[in-house]
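A quick write-up on the structure given underneath.
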Amino acid sequence: MKKEETVKLISAEGFEFLIHKDAAMVSQTIRNMLTSPGNFAESQHREVTFPEISTTILEKICQYFYWNLQFASGKETEFPIEPELTLELMMAANYLHT
C-alpha cells in the first residue's frame, strides 16, 4: 500500500493500526475527520487518535471495517463478536457511526 492510501488509527494505549483508507471510510466519523475542509490534523496527517477506545476494541473495529468492505455488498455472513466485547464495541460503533 502506498502511504497516501493508508490511515493510522491510534488507540487509548497508543497502539497504532495502519489500515487502508477505504476500510477507514466505513466509519462516517472517520470519513468526516479525514475529508472535512480546513487544516485539521487528522486530514493532513491521515492519523486519528481515539483516547476513549482501547486497543482490543480498536483492533476489532479495524477487523470489522475490512469485513464490511468484503461482505456487506450481499453475501450473508456474520461478523464474529466475543460476548465480553459487546458493550464496548456497541459504544465505539455508536461513536464511529458504523
Side-chain angles (χ1 to χ4, degrees):
M1 276 187 287
K2 296 179 183 175
K3 187 175 180 180
E4 55 274 357
E5 295 176 348
T6 62
V7 175
K8 186 186 297 182
L9 305 181
I10 305 170
S11 71
E13 296 86 3
F15 194 88
E16 299 176 353
F17 296 90
L18 193 61
I19 66 172
H20 197 279
K21 188 175 181 179
D22 291 344
M25 294 298 192
V26 168
S27 164
Q28 184 64 44
T29 301
I30 294 173
R31 181 182 304 127
N32 290 343
M33 289 176 171
L34 296 175
T35 61
S36 294
N39 292 323
F40 295 103
E42 292 89 357
S43 61
Q44 288 181 346
H45 303 291
R46 292 179 316 280
E47 184 175 299
V48 183
T49 302
F50 297 102
E52 301 295 324
I53 301 178
S54 71
T55 299
T56 303
I57 298 301
L58 191 55
E59 178 180 21
K60 196 69 171 178
I61 289 167
C62 291
Q63 291 170 3
Y64 171 77
F65 290 163
Y66 283 105
W67 176 88
N68 185 281
L69 286 178
Q70 186 175 4
F71 295 112
S73 62
K75 184 178 179 184
E76 287 191 36
T77 183
E78 291 187 20
F79 180 73
I81 298 175
E82 295 81 5
E84 62 273 11
L85 301 180
T86 304
L87 181 59
E88 283 185 85
L89 275 172
M90 286 176 40
M91 293 183 340
N94 183 52
Y95 172 73
L96 295 171
H97 294 94
T98 55

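No hydrogens, no waters, no symmetry mates; every other heavy atom, side chains included, goes into these values.
- Atom OG1 of T55 is separated from atom CD1 of I10 by 11.0 Å, given to the nearest 0.5 angstrom.
- Every side-chain hydrogen bond (donor to acceptor under 3.5 Å, both in side chains) that N32 has, sequence neighbours left out, goes to Q28.
- A12 and P51 make their closest contact through CB-O, 3.2 Å (heavy atoms, listed as atom of the first residue, atom of the second, distance).
- Within the 4.5 Å cutoff, the side chain of F65 has heavy atoms near those of the I30 side chain.
- Judged as a salt bridge (charged side-chain N to carboxylate O under 4.0 Å, His left out), the pairs with a partner in residues 51-71 (not counting sequence neighbours) are, in order, K60-E82.
- Atoms CG and CZ, from L34 and R46 in turn, are 9.0 Å apart once rounded to the nearest 0.5 Å.
- For H97, the side-chain hydrogen bond (donor to acceptor under 3.5 Å, both in side chains) test picks out T29, with sequence neighbours left out.
- The ring pair (Phe, Tyr, Trp, His ring centres under 6.0 Å) search around Y64 returns W67, F79, not counting sequence neighbours.
- Atom-to-atom distance recorded for L69:CG and Y66:OH is 8.0 Å, nearest 0.5 angstrom.
- The salt bridge (charged side-chain N to carboxylate O under 4.0 Å, His left out) analysis of residues 7-19, with sequence neighbours excluded, yields the pairs K8-E16, K8-E47.
- Here the CG-CG distance, from L96 to L58, works out to 8.0 Å after rounding to the nearest 0.5 Å.
- Taking OG1 from T35 and CE from M25, the interatomic distance works out to 5.5 Å, rounded to the nearest 0.5 Å.
- Separation of atoms CG (L9) and CZ (F15) is listed at 11.5 Å; rounding is to 0.5 Å.
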Residues 84-95, side-chain donor-acceptor partners within the protein, below 3.5 Å, at least two apart:
{"unit_1": "T86", "atom_1": "OG1", "unit_2": "P83", "atom_2": "O", "d": "3.0"}

